[in-house]
Asks: 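Next up is a structure, given as structure tokens.
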Amino acid sequence: MGRKSVAVLDVRSSEVAVFLGERGINNTFVFKASKTEPYDGYQDGVFYDTDNLSQAVFRALSSVEQTCGERIKRLYVGVPGEFLKVVPKERDIGFPSKRKIGQKELDALFESGREELQGYRFIRATSMIYVTADNRRIVDPTGLSASGISAVLSYFYCTKYFADTLELMFSGQKITLGFLPTQLAMANYLIPSETRDEYALFLDAGFLSSTVSVLLGNGILAQKTFWVGKAQIAVRLMKRFSVPYEAAVMLLSKANLFLRDDAPSREFLFRGAAYEIAPAALVEEIKDGLDEICEAVGGFLEECSGKELDYKPLYISGEGVNEIRGALEHISKRLNRVCEQLVPDLPYYNKPSMSSRIGLVDMAYEDNCKRNFIFRLLNGFGG
């Protein structure tokens, strides 16, 4: 595995994916190999079956290594919102006299807010706002002369359960793990920095669970994960129309909430079996399922109420709702807020389900560059 290549493990609520790639020209990505595998998922911060998870992860990992002919030595693991805690903090440090702010001063600022949380492991800290002693709000204070600096920072903590589960899985594999916050990686990749500098709302709509975040700068001001998603809507269809679960999932992909069809029923074929589905009832049931997502998101936004968020659009990505035609429009109407779908700006990967994969690769690449630079700095630049 070359120094420029990064490997990520994206843990979603219904599948895992391993991607191996590197930066190409014009900030694009060149992917050497990728593999997605289904697994049982998780609920309430616990995997349903860790053996099932392990089997899926190693099937994906083995496939990627065989395809690219490389041995993965470092794997960046995306931590989904279900296993993540975000703690925003205001911190400040002062100096006896004006000095040029460098990495040493910023490291001290970040370290001052770091704490030990029971049941969690610290994995990352990022900045939301920097303010100099003379009340200048800036994105990056590096190189400025000031007698002090304050900041609003985001501290990210992964549950020890998640970290321990993954580390136990890879024990003896000679693979080093690094943990990345999935929703932050997605948001920072998909949403321009100038938009995030003035607050932004992001919904990662997943299969079993969905996470909504209030973004500010390069961090997250508030975040919450809900047990709502595509799977719960499929269960509603399964019960309403007495169809197999897999058939209900397929119905979602074929549904069109804009369609007005007054026919009493339509025949739906699935694996050789025919089912009678009332089009109006199908649309009604899907909308009721989407309303559960809207209620969860709306309740969270009320908790974060403030004039800064009143007219902000809600950016949506993930595999949960974007493939349902008319879903974004329905969510927008229910939340009384503009909703916009986000996808990676990459050929072949420009799908909502790819957002977490590409976002994690982007963050992993940046981390890997910093890590390699420090390694070369400590060991000389000759090699």
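By convention here, the first residue in the shown sequence is residue 1.
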Asks: Between Arg71 and Glu65, what is the shortest heavy-atom contact and its length?
Replies: CD-OE2, 3.4 Å
Asks: Does Gly102 offer a backbone N or O that forms a donor-acceptor pair with the side chain of Glu105 under 3.5 Å?
Replies: yes
Asks: Between Phe31 and Phe19, is the ring centre distance below 6.0 Å?
Replies: yes
Asks: Do Lys230 and Glu323 meet the salt-bridge criterion of a basic N to acidic O distance under 4.0 Å?
Replies: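 Salt bridge: yes.
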Asks: When the ring planes of Tyr42 and Phe47 are compared, do they come out parallel, tilted or perpendicular, using 30° and 60° as the limits?
Replies: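 Plane angle over 60°, so perpendicular.
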Asks: Give a yes or no on whether Met250 atom CE has more than 12 heavy-atom contacts from other residues, nucleotides or ligands under 6.0 Å away.
Replies: no
Asks: Could you name each residue pair satisfying side-chain hydrogen bond (donor to acceptor under 3.5 Å, both in side chains) that touches residues 181-192, not counting sequence neighbours?
Replies: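 Those involving residues 181-192 are Gln183-Asp204, Asn188-Arg196.
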Asks: Is there a donor in the side chain of Ser5 and an acceptor in the side chain of Lys32, or the other way round, less than 3.5 Å apart?
Replies: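 Their side chains do contain a donor-acceptor pair, which is all the 3.5 Å distance test asks for.
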Asks: What pairs with Val131 under side chain to side chain contact (heavy atoms under 4.5 Å, CB included), at least two apart in sequence or on another chain?
Replies: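 By the side chain to side chain contact (heavy atoms under 4.5 Å, CB included) rule, Val131 matches Ile129, Asn135, Ser150.
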Asks: Apart from Leu144 itself, what residues make up its hydrophobic cluster when side-chain heavy atoms of I, L, V, M, F, W and Y under 4.5 Å apart count as a link, directly or indirectly?
Replies: Val87, Ile93, Phe95, Ile101, Leu106, Leu109, Phe110, Leu117, Tyr120, Phe122, Tyr130, Ile138, Ile149, Leu153, Tyr155, Tyr157
Asks: Salt bridge check, Arg357 against Glu15: does any charged N sit closer than 4.0 Å to a carboxylate O?
Replies: yes
Asks: Distance-only, no hydrogens or angles: does the Gln232 side chain make a donor-acceptor pair with backbone N or O of Leu208 under 3.5 Å?
Replies: yes
